[in-house]
Amino acid sequence: MMFERIAPEQHDTLEGIAEPSENPALIGHAEAAATLAAAYRTGKLPHALLLAGPRGTGKATLAYHLAYHLLRYPAHETAPETLAGPDPESPLFRQIAMGAHPAILHLTRPFNDKTKKFATLLTVDEIRRVNRFLSMTSHDGSYRVVIVDPADDMNINAANALLKNLEEPPSRTVFLLITHSPGSLLPTIRSRCQMIRLQPPSAGEVETVLTALGMPLPDDAGKRAALLERAGGSVRDAVLLSEFGGLEIADTVDLLVGGADFDFVKAHRLADAVSGRDNEIRFQLMNAHLLDIVAQAAGRAAETGETGRAGNFARVFQELRIAISETDTYNLDRKQHTLNMILRLHDTLRM
C-alpha cells in the first residue's frame with residue numbers, strides 16, 4: 001500500500017507506515033470509538049481522556065479521529081452517532097495531517113536542531129506551549145484539542161505543568177493523553193482524566209494490514225504466529241520485530257530478566273548486538289521492551305492490590321527512562337548501559 005507522506009517526521013517514524021495524524025483507517029477499537037461518539041453527541045464528552053493500551057495499537061490514531069470528528073461537527077447536537085472517518089481528500093484532513101490546524105496542539109518528543117536528534121523525553125518546555133495555545137481565540141469557535149503523545153514520556157516537571165492545565169481547562173477544550181502505562185503517570189493526572197482502556201487489534205487484523213503494506217512475514221506458520229503474538233496487536237511492533245531483529249532481541253531479554261540466575265555471557269552478547277552506532281533501532285527496541293516489562297509488572301501489581309510493589313516498579317520505570325535519556329544525551333557507553341539495565345530489571349523482578 002503506497003501513500004503520500006504529509007505528516008511531519010516523529011521520533012518513531014517508520015518508512016511505509018502512516019503517522020496517526022495521516023491514517024484514515026482505525027483498526028479495531030470500534031467499541032471505544034462508539035462510546036466517544038455517543039458521549040460527544042449527548043454533550044457529555046469529558047474534558048480530559050486517558051487513552052490507555054499497549055504501545056503501537058492505534059491509540060494516537062483514535063485520538064486524531066476524535067479530533068477530526070470534533071472539528072468537523074463543532075455542534076455536538078448535529079454530530080453523527082458514529083465517529084466520522086477522516087476523508088483523505090478533505091482540506092480538514094490534510095491540515096490536521098500536516099500538523100497545521102490551529103485548533104490542534106500535538107505534544108511529543110521535540111527535535112533538537114543542535115544535535116539533529118529527537119529528545120528522549122517530553123520536556124516541560126513542550127508542555128508550556130499549552131498555555132500559549134489556550135490563550136489564543138479558538139478557531140471558528142470550535143473545539144481546541146491537546147494531544148499528549150505519549151504522556152508516559154513526560155518528566156516530573158512536565159507532568160506537574162500539565163496538571164495545572166487539567167485542573168481548570170477552558171470550555172470547549174479536550175485533552176487527549178495517550179499512555180502505554182497509566183500506572184507510571186502521576187495519580188493526580190489519572191484522577192483528572194477519564195480512562196478509556198483500549199484492547200489491541202487481533203492477530204488476524206494485524207496480519208491483514210501487514211499484507212496490505214507488502215511487509216514480508218515468515219513462511220513458517222509457527223514463526224508467523226509467534227511474531228504476531230509478540231507484536232501484541234501492534235502493526236508497528238510487528239514491522240520492527242520482522243525487519244529489525246526485534247523478535248530475537250525481545251526473546252533474549254525475556255530469558256535474561258526472567259531467569260533464576262543472571263547469564264552474564266548471554267547478556268554481553270546481547271549488549272554487543274545492540275550497542276553499535278549502526279544498531280540504533282535495535283538499541284531502541286531493547287530499551288522499549290525493558291520499559292514495557294516494567295510497565296506491565298507495575299500494572300499487574302496495582303491490579304492485585306500490591307501498592308508497595310507497584311510503586312517500586314513505577315520508580316524503576318522512571319530510573320530506566322532517565323538512564324535511557326542520559327545515555328542518548330551524553331553519548332554514554334551503550335554496552336554498559338544495556339548490561340546495567342538488564343541486571344537492574346532482573347534483580348527488581350526477584351524482589
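More than 12 heavy atoms of other residues, nucleotides or ligands sit less than 6.0 Å from atom CG of Asp220. Shown here is Lys266, whose NZ atom has no more than 12 heavy atoms of other residues, nucleotides or ligands within 6.0 Å. Under a cut-off of 6.0 angstrom, the local environment of CD in Glu167 is crowded, with over 12 non-hydrogen atoms contributed by other residues, nucleotides or ligands. Sparse packing is recorded around CD of Glu31, with 12 or fewer heavy atoms of other residues, nucleotides or ligands lying under 6.0 Å away.
Here the two rings, on Phe283 and His337, have centers that are under 6.0 Å apart. The six-membered or imidazole ring of His268 lies away from that of Phe264, with a centre-to-centre distance of 6.0 Å or more. Phe93 and Tyr64 have their aromatic ring centers separated by at least 6.0 angstrom.
Rounding to the nearest 0.5 angstrom, the gap separating the OG1 atom in Thr188 from the CG atom in Asn160 is 7.0 Å. Distance check: Ile324 CD1 to Leu290 CG gives 7.0 Å after rounding to the nearest 0.5 Å. To the nearest 0.5 Å, atom OH of residue Tyr68 and atom CG of residue Leu92 are 5.0 Å apart. One distance of note links OG1 of Thr61 with CG of Leu198; it measures 11.0 Å at 0.5 Å rounding. Between the CZ atom of Arg236 and the CG atom of Asp12 there is a distance of 4.0 Å, given to the nearest 0.5 Å. Remark: His11 NE2 to Thr120 OG1 distance equals 10.0 Å, nearest 0.5 Å.
For Ala323 against Met341, the heavy-atom pair with the smallest separation is CB-SD, 4.3 Å. Between Thr57 and Ser234, the shortest heavy-atom distance links the atoms CG2-N, 4.0 Å. Looking at every heavy atom in both residues, Leu241 comes nearest to Leu247 through CD2-N, 3.2 Å.
Residues Glu19 and Arg5 are paired through a salt bridge, judged by an N-O separation under 4.0 Å between the basic side chain and the carboxylate. Salt bridge present: Arg334 and Glu280 bring a charged side-chain N and a carboxylate O closer than 4.0 Å. Classification of Glu22 and Arg94 as a salt-bridged pair fails, no side-chain N sitting under 4.0 Å from a carboxylate O. A salt bridge is defined here as a Lys NZ or Arg NE, NH1 or NH2 lying under 4.0 Å from an Asp or Glu carboxylate O, and Arg128 with Asp125 meets this definition. Salt bridge annotation for Glu126-Arg129: present, with a cationic side-chain nitrogen under 4.0 angstrom from a carboxylate oxygen.
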Yes or no on side chain to side chain contact (heavy atoms under 4.5 Å, CB included) for Val174 and His47, after CA distance, side-chain angles and deciding distance? CA-CA 5 Å; Val174 175; His47 77 275; 5.9 Å; no
Tyr40 and Tyr143: CA distance, side-chain angles, deciding distance, ring pair (Phe, Tyr, Trp, His ring centres under 6.0 Å) verdict: CA-CA 12 Å; Tyr40 179 60; Tyr143 268 82; 5.7 Å; yes
Starting from the C-alpha separation in whole Å, work towards a yes-or-no answer on side-chain hydrogen bond (donor to acceptor under 3.5 Å, both in side chains) for Gln296 and Asp292. CA-CA 6 Å; Gln296 291 165 9; Asp292 284 344; 5.2 Å; no
With side-chain hydrogen bond (donor to acceptor under 3.5 Å, both in side chains) as the criterion, how do Arg344 and Thr348 come out once you've worked through the C-alpha distance, each side chain's angles and the decisive distance to 0.1 Å? CA-CA 6 Å; Arg344 177 76 170 97; Thr348 299; 2.9 Å; yes
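Contact check for Asp328 versus Lys117: side-chain heavy atoms found under the 4.5 Å cut-off. Residues Pro150 and Thr179 have side chains not in contact (no heavy-atom distance under 4.5 Å, counting atoms from C-beta outward). Counting only heavy atoms from C-beta outward, the side chains of Leu227 and Pro218 approach each other to under 4.5 Å. Put simply, the side chain of Arg41 does not reach to within 4.5 Å of the side chain of His69, judged on heavy atoms. Counting heavy atoms from C-beta outward, Gln95 and Pro102 have side chains that approach closer than 4.5 Å. Side-chain contact between Asp333 and Thr327 is absent, with no heavy atoms from C-beta onward closer than 4.5 Å. With a 4.5 Å cut-off on side-chain heavy atoms, Leu66 and Leu83 count as touching. Considering only heavy atoms from C-beta on, Pro74 comes within 4.5 Å of Arg172 through its side chain.
Taken together through direct or relayed side-chain contacts under 4.5 Å among Ile, Leu, Val, Met, Phe, Trp and Tyr, Met286 and Ile322 form parts of separate hydrophobic clusters.
Sequence neighbours left out, the pairs with a member in residues 103-116 that pass salt bridge (Lys or Arg N to Asp or Glu O under 4.0 Å) are Arg109-Asp153.
Not a single donor-acceptor pair under 3.5 Å links the side chain of Ser184 to the backbone N or O of Ala295. Proximity of a side-chain donor or acceptor of His101 to a complementary backbone N or O of Leu71 within less than 3.5 Å is not detected. Asn112 places a side-chain N or O within 3.5 Å of a backbone atom of Thr115 that can act as its donor or acceptor partner. No donor-acceptor distance shorter than 3.5 angstrom exists from the side chain of Glu243 to the backbone of Leu240, with no hydrogens or angles considered. Of the possible donor and acceptor atoms, none in the side chain of Thr173 sits under 3.5 Å from a partner among the backbone N and O of Pro169. With hydrogens and angles disregarded, a donor-acceptor distance shorter than 3.5 Å links the side chain of Asn279 to the backbone of Ala273.
Just one of Ile249, Asp237, Asp254 meets the side-chain contact (heavy atoms from CB on, under 4.5 Å) condition when paired with His289; it is Asp254.
For the residue pair Lys59/His180, the side-chain donor-acceptor check at 3.5 Å is satisfied.
In the hydrophobic clustering (ILVMFWY side chains linked at under 4.5 Å, chained through shared members), Leu185 is joined by Leu50, Leu105, Leu107, Leu122, Ile127, Val130, Phe133, Leu134, Met136, Val146, Val148, Met154, Ile156, Leu162, Leu163, Leu166, Phe175, Leu177, Leu186, Ile189, Met195.
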